[in-house]
2 protein chains.
Amino acid sequence: MTDSEAGAVRAEAPRRARRGGKRERLVEASVRVFHEQGVEKTTLADIARVADVPVGNVYYYFKTKDQLVEAAVQAHHDRLTALTGRLEALPDPADRLKALVGGWVEERETAARFGCPFGTLATELDKRDDGLDLAAAEVMRALIDWVAGQFGALGRPDAQALAVELVAAYQGMSVLTHTLRDPAIMTAQGERLTSWIDGLAHP
Amino acid sequence: MTDSEAGAVRAEAPRRARRGGKRERLVEASVRVFHEQGVEKTTLADIARVADVPVGNVYYYFKTKDQLVEAAVQAHHDRLTALTGRLEALPDPADRLKALVGGWVEERETAARFGCPFGTLATELDKRDDGLDLAAAEVMRALIDWVAGQFGALGRPDAQALAVELVAAYQGMSVLTHTLRDPAIMTAQGERLTSWIDGLAHP
DNA sequence: GTCTATACGCCGATAGAC
DNA sequence: GTCTATCGGCGTATAGAC
């Protein structure tokens, strides 16, 4: 805790990150709590508690609650980029899409309790007056574009429309899974989507 | 959607309804404002203003905000019942389903601004601790069951799965239309669903 | 039945000690 | 950089006049 530990990690101190990584913890806590409770119901005290950071200290890292929301949206974007990056290790675009769907289905229990982590956030942000809904749209657009890229690689001329269809199917089955609290919906629809992708890849 | 609230209803004064129908106005205002702003962001003052009822007077009709939410969910259920009732005037189940989809597409501008009136409400209620999420599930279930009934009438043994697929498609395209603020998504996906229904009806 | 005035708690944000 | 104490505003709900 003292100045003595200063030298070691200093190599090229990431602008913000300090020992403890409180900022990172606050962002992660925001993503999680926003998902579980919704943005509007969540207080800064909730986030601080989950992040294990004193309430008042939050304001050293984020001047307003909105900035926390913005950071959460950015975190979703980063996660998406990381995910698609990993999927591109697979050589076959159809396999990438099926792996994407498979990942969604694996999260079915969480989806049944809290919905799609990003979809529910985007829906909520669209009803606020701040400009965060634009950032949310960007993330959604990035997902659709990546999916469209895969369909394009499969030689489908209607790649964009198919991408909208796939992402909409995911958002829709998330809403139903959530509202009806039934993870089996996710499983069944996931299987349907997988067959659908297969059919499109090998017509 | 807006059904009978016509004059001759005084015949046997409905328990609550008084001159002016303040209670009805409060419920209608709740449905509308919850849709446009979300439940959490909405204050009783907002509802009172839209309903043109003095703020303090709200509590004569509803003891808590939760009761207003409950009444709004009930109103959605009533609207759904009225809608499906009207659709059943059509002799062909496939026509009923296509008319259902057509109605959704007609609301695309509203969907782009505020999302599906019921889907966004259900999503929000699922993140509250009150028990209203169960009531929301009931309404969603009623819609799915009615759709399944139509597919059943078309002789499809997989009617229930098809119904989940159709309703999920609607919820999903609503989320995307809303997040991307693009009503064209609703139009395109609506056409796709219409063809899909045709294909299922005349294999 | 209708409406005003107000109590009360909670939450976002700030000031400033350390 | 870290944390405590606290302010100001708002929103739900109530008391009680008309």
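Labels below follow one simple rule: chain letters A, B, ... track the order of the sequence lines, proteins then strands, and each chain is numbered from 1.
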Between D/dT2, C/dG12, C/dT4, spot the one nearest the side chain of A/K22, thanks.
D/dT2
Please give, in whole Å, the distance from D/dT2 P to A/D52 CG?
13 Å
Could you tell me how far apart B/I47 (CD1) and D/dG11 (P) are, to the nearest whole angstrom?
12 Å
Could A/D52 and A/K22 be called an ion pair, given the rule that one side-chain N must be under 4.0 Å from one carboxylate O?
no
Please name all residues satisfying side-chain contact (heavy atoms from CB on, under 4.5 Å) with A/T42, sequence neighbours left out, ordered by chain then number.
A/V33, A/F34, A/Q37, A/D46, A/I47
Establish, with yes or no, whether the OP1 or OP2 oxygen of D/dT2 is under 4.0 angstrom from a side-chain nitrogen or oxygen of A/Y60.
no
Using a cut-off of strictly less than 4.0 Å between a heavy atom of the residue and any atom of DNA chain D, enumerate the qualifying residues of residues 122-133 of chain B by number.
none
Check A/K127 with B/E36, please: is the shortest side-chain N to carboxylate O separation under 4.0 Å?
no
Of the listed nucleotides (D/dG11, C/dC3, D/dA13), which one gets closest to any side-chain atom of B/Y59?
D/dA13
note: B/N57, atom CG; C/dG1, atom C1'; distance rounded to Å ~ 8 Å
Test: A/D182 and A/R108 ion pair at under 4.0 Å
no
Counting side-chain heavy atoms from CB outward, which of D/dA13, C/dA13, C/dC3 is closest to B/K65?
D/dA13
Report yes if at least one side-chain N or O of B/K41 is closer than 4.0 Å to OP1 or OP2 of D/dC10; otherwise report no.
no
Rounding to a whole Å, what distance do you find between B/R25:CZ and C/dG1:C1'?
14 Å
Rounded to whole angstrom units, what separation is found between the CG atom of A/D66 and the P atom of C/dC11?
17 Å
Is a donor from one side chain sitting under 3.5 angstrom from an acceptor on the other, for B/E88 and B/W146?
yes
Is there a side-chain polar atom (N or O) of B/Y61 under 4.0 Å from OP1 or OP2 of C/dT2?
yes
Can we say B/R181 and A/D126 salt-bridge, meaning some charged N sits less than 4.0 Å from an Asp/Glu carboxylate O?
yes
